[in-house]
Each structure stands twice: as C-alpha cells, then as structure tokens.
Amino acid sequence: MNELFAALRAVVGKDHVLTDPDMKSGYEIDWLRQYIDDTPCVVRPHTAEEVAGVLQACAAAGVAVVPQGGNTGLVGGSTPRDGAVVLSMQRFTELGEVDVRSMQVTAGAGVTIEQLQLHARAAGLDFAVDWGARATATVGGAVNTNAGGSRVVRFGTMRAQVMGVQAVLADGSIITQLGGLPKETAGPSLVQLLVGSEGTLAVVTAVRLRLVPWYQHTAAALVACDSLMHAVGLLPALRALPNLDAVEVLLPEALQIACKHLGVKPPLDPASAGAFVMVDCAAHRDPTDELAELLGSQIGVLAVGAQRDKLFAIRDHITIAIGALGKPLKLDVAVPVLHLDRLVRAVRTGLRELAPRAQLVVFGHLAEGNLHVNVLGAGDAEAALKELVLTTAIDLGGTISAEHGIGVSKAEWLERLKGPAHVAALRAIKGALDPAGLLNPGVLLPVE
Ligand code: MLT
Ligand code: ZN
C-alpha cells in the first residue's frame, strides 16, 4: 500500500491523499449509516488529468476505485468495499458561465445541485432536477444515478438535462464532449451511456447541462385523498394544470413523522386521509388561481409564498426524519400508476405477516408511480421484505430502481428485472471499457 500512497501523492499532492482514520471516516459511511467499510485512502484529485493518474496508479497496484460525490446515495454505490480506494470528486467545483442563448452551463462533477441552481438563477435561469439533498448531492452523483426528484413530471430526469460530459476511462484516457449540441447523430451516445452507469464505466469530471426557465411565482397545495386510488385519480386533472411543477405523494405516516421531526403542526390531520398529494405549480405569473380552481372540488390547503416553502420543507425532510428514527430498509420502486395501490396493499399485507411491529413510511413521486418504501424496525425480516417489495414491483410491470440506482443493494436483482440477455450486454460493455474491473466493482453488476 505504501507504494500506492506514494504514487497517488505524486499525482494529487500529499494533502489530497487521506490515510488518517479520522480524516477518512466521513467518506467510509453513507449519510443514513446503511453502508460502512474501510478504505486504505481517500484521494481528492482536482483535474481530469489527475483522475487519469489516480486510475493508472490504482490499476498498477491492482486496487479498485470507488468514485464518490456528495455521499448522499442510498444504495451503497459510492462507499468503499473490499479495500477499494475512495476517489472523492468534491474538488471539481468549477462552474462555467451560463450561456443564456443555448440555456446551458458546464459544471464540475463536485458542484452541488444547490450551487448549480443558484448559479443558474443568477443568470435568470434554473436547473430542473431537484430533491431534498440538494445542498450536498453533486452533479456527478446525479449523472451517475440518473437522479430524478420532484420536477420530473415537468422536465424529465437527469438524463434529459445532460448535453455532454467529460469523463476519464479506466485506462486513463479522457473523453471530452462538452459542446452541448442539441442535435447530433454521430453514432451511439457515449454521453448517455454514462448516465445511470453508477461509476462503473468511467469517472465523470464535468457535465454540460441544459437549463430551464426560472419560474419565480409558485403556489402549492396539499390535498387529502381517501386512498392512493383517489390520489392516482387526480392525475389527469393535475396534468391539465398549465404550470404543474411537482406532484408528490405522502402516505399519512410520512406526513406525520416529517412534521414531528420539524416540530410543526401538520397542515392537515395525517389521520384524516389515506394519502396526501402535494402539488406545486410554478410560472412567470402567479399560478395560485389554477391551483385554487383544482382545490375547489377537493379537501386540502393552498400554500403561497413562505407558506409554500414551509409545505415543501415538510416533503424535503421526510428522509432525514426517517434516518433520525433508525436505520431503515429503504427501497425505491416504480410501477405503472394504476398499480400503485396494489403495490402498497401487498407491502402492508407482507409487513403484517413478516414484521407486524415494524413501521412503514411510504412517500414518493406520484406522476411517475415512484414510491420510496421505508421500513423501520424490520429486524430479521428485512431480507424477506425486500424480496417481497422488489418482486411485487417487477410482477406489476415496474422497476426496482426509479431514481436511486442499483448500487450494491440491488445488484443481485438486476437480472431478475432485466433478463439475462440485457445483463450480458451490460457486462460486455463493462468488460470492454474496464477489463480489469477497476471501477466500482460490485455496483450495478454483481461480481462474477
Ligand atoms: C426523495 O424523494 O426525497 C429521495 O428520493 C430520498 C428518499 O427516497 O429518501
Ligand atoms: Zn425521491
């Protein structure tokens, strides 16, 4: 190892190879304390050339590399395992000038989503992908997981925002595609291949991103629904709203624990409904009227200005509130919206049989049929519950990962979801780009 440390210091400088246990510890565990393992060192390069040097040094030493951004992942995709070196991308903080003509910007992989949003807003534009961990989650991590969040209903996932990347391949070669051309048919897109690849094919160092208009007038509503079916039934009316920006769903437990965590009175009594829909509209002009009209026929509250921000703060704090209660079994599934109710009923039935005392907290993104199923206190039943939730999602025509990624958490499941031919094709791509298995082994594809 000492030889490797010396080689890495020669590439990034001695201050950026962390071997001290106290200095490394924050990189060895994820924020929800689900995944923890030792790393021999954390390396913090600053340029694509330095990343290339790090990869070459690690390849020569036969040591794997785990790229890490803000470490807000939820599937163990960016924490070390089996003696791998952590490659922290946090020093890639460069933000280019916003091009208002093309509505694009280039951001370093370590720029946080919030920094990107503020940078775009200073130029009168906005970045579309948004979720609760925005202050810590990074652009590179978002590309690697194809992050989604709450505004997918309007703008799509990260995939739809990525116009180009700079990335370092396992052999140290650098691909730079940051021109941001909206139209180009020059073969398959390597850029898009890297979106959702979870650090297994290359290390993304910079990203060319699409920006969207900055809608400064917002209005939100929380609607009480008898059931999840009722919530799903609202979708046609919601989609008809001209300025619809987000449609989130909270089952009562989620509303309750987030409000309790924040120490605020729930805007509606969590016990009064079977599901709550949180709607956001955003426009260049006040969208309150369109939302008020929709609310006219529903039970709910309207929230404008500071009240809107308070309402969405509740939504943003659900994950933190769950984490404060314990170490959850956390699953991120999606099914066609008409099957959402079946999915939740199957989970509740399974929970009654397998872990009757466990606490179930379900919330997510209604328009995409994407639910975050969290179970606290499942104990020995965790594996059986995971099996139940993931199998049910697949059987209902859904997916085992809508936005968090596969990570190590669900690598063994990929073939059940996608089938052997699909996984063999992915393995062939991985084998061609990273024949030694240097990059993030065990993530996405199980180690053979
Ligand atoms: C969210 O929607 O808040 C995130 O996906 C985080 C989570 O699922 O806990
Ligand atoms: Zn989510």
Side-chain angles (χ1 to χ4, degrees), residues 30-35 69-78 112-114 117 128-138 141-159 196 198 220 231 245-251 253-259 261-262 275-280 311-335 337 340 343-344 347 359-376 386 389-390 393 398-407 409-410:
D30 70 297
W31 64 314
L32 292 184
R33 306 175 306 282
Q34 297 188 97
Y35 301 90
N71 201 6
T72 57
L74 295 165
V75 290
S78 63
T112 68
I113 299 301
E114 188 170 75
Q117 288 166 341
V129 176
D130 186 41
W131 72 102
R134 65 183 73 80
T136 318
T138 59
V143 171
N144 273 292
T145 53
N146 185 20
S150 59
R151 305 180 79 194
V152 172
V153 67
R154 189 172 204 171
F155 298 112
T157 66
M158 199 67 191
R159 189 177 294 288
E198 302 190 38
D245 212 73
V247 187
E248 304 287 89
V249 63
L250 288 71
L251 295 199
E253 301 87 344
L255 181 61
Q256 180 142 35
I257 66 158
C259 290
H261 182 82
L262 284 170
F276 295 88
V277 176
M278 204 178 274
V279 189
D280 205 19
L311 190 62
F312 266 81
I314 296 172
R315 167 64 185 84
D316 283 349
H317 279 80
I318 301 173
T319 301
I320 294 164
I322 294 169
L325 292 174
K327 197 164 80 80
L329 166 67
K330 192 169 232 330
L331 298 165
D332 161 45
V333 292
V335 294
V337 286
L340 275 174
L343 173 71
V344 173
V347 174
Q359 187 180 5
L360 178 67
V361 185
V362 178
F363 65 101
H365 313 283
L366 185 67
E368 294 82 44
N370 175 196
L371 290 185
H372 302 312
V373 177
N374 296 265
V375 186
L376 283 156
K386 183 173 178 178
V389 176
L390 300 186
T399 183
I400 59 173
S401 171
E403 57 175 8
H404 295 172
I406 295 291
S409 164
K410 291 171 278 187

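Worth saying up front: this structure is predicted, and the values here are computed from it rather than measured. By convention here, the first residue in the shown sequence is residue 1. Whatever order the structure lists ligands and atoms in, that order sets their numbers, starting from 1.
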More than 12 heavy atoms of other groups within 6.0 Å of E368 CD: yes
Whether H404 and H372 hold their rings parallel, tilted or perpendicular, with breakpoints at 30° and 60°: parallel
Pairwise distance CG(L360) to CD(E253) - rounded to 0.5 angstrom: 6.0 Å
W131, any N or O under 3.5 Å of ligand 1 N or O: no
E198 side-chain N/O to G407 backbone N/O, donor-acceptor pair under 3.5 Å: yes
Test side chain to side chain contact (heavy atoms under 4.5 Å, CB included) applied to N71 and D30, step by step: CA-CA 6 Å; N71 201 6; D30 70 297; 4.0 Å; yes
Separation of L74 CG from T145 OG1 (nearest 0.5 Å): 9.0 Å
Sidechain N-carboxylate O distance under 4.0 Å for D280, R151: no
Separation between CZ of F276 and CZ of R315, rounded to the nearest 0.5 Å: 15.0 Å
Per-residue contact class, F363 against ligand 1 - non-hydrogen pairs under 4.0 Å: side chain
Atoms of ligand 1 close to H365 [distance to a heavy atom under 4.0 angstrom, numbered from 1]: 2 (O)
Residue among L329, I322, I257 satisfying side-chain contact (heavy atoms from CB on, under 4.5 Å) with L376: I322
For R315, the ligand 1 atoms whose distance to one of its heavy atoms is below 4.0 Å: 1 (C), 2 (O), 3 (O)
Ligand-side contact atoms (ligand 1) for residue partner K330, heavy atom cut-off under 4.0 Å: 7 (C), 8 (O), 9 (O)
Donor-acceptor under 3.5 Å (K386 side chain, S409 main chain): yes
Shell of protein N/O/S atoms around the Zn ion (ligand 2), taken as anything under 2.8 Å: H365 NE2, H372 NE2, E403 OE2
Under 4.0 Å to a heavy atom of H404 - the qualifying atoms of ligand 1, by number: 4 (C), 5 (O), 6 (C), 7 (C), 8 (O)
Per-atom contacts, ligand 1 versus T319 - under 4.0 Å to a heavy atom: 3 (O), 6 (C), 7 (C), 9 (O)
Ligand-side contact atoms (ligand 1) for residue partner E403, heavy atom cut-off under 4.0 Å: 2 (O), 5 (O)
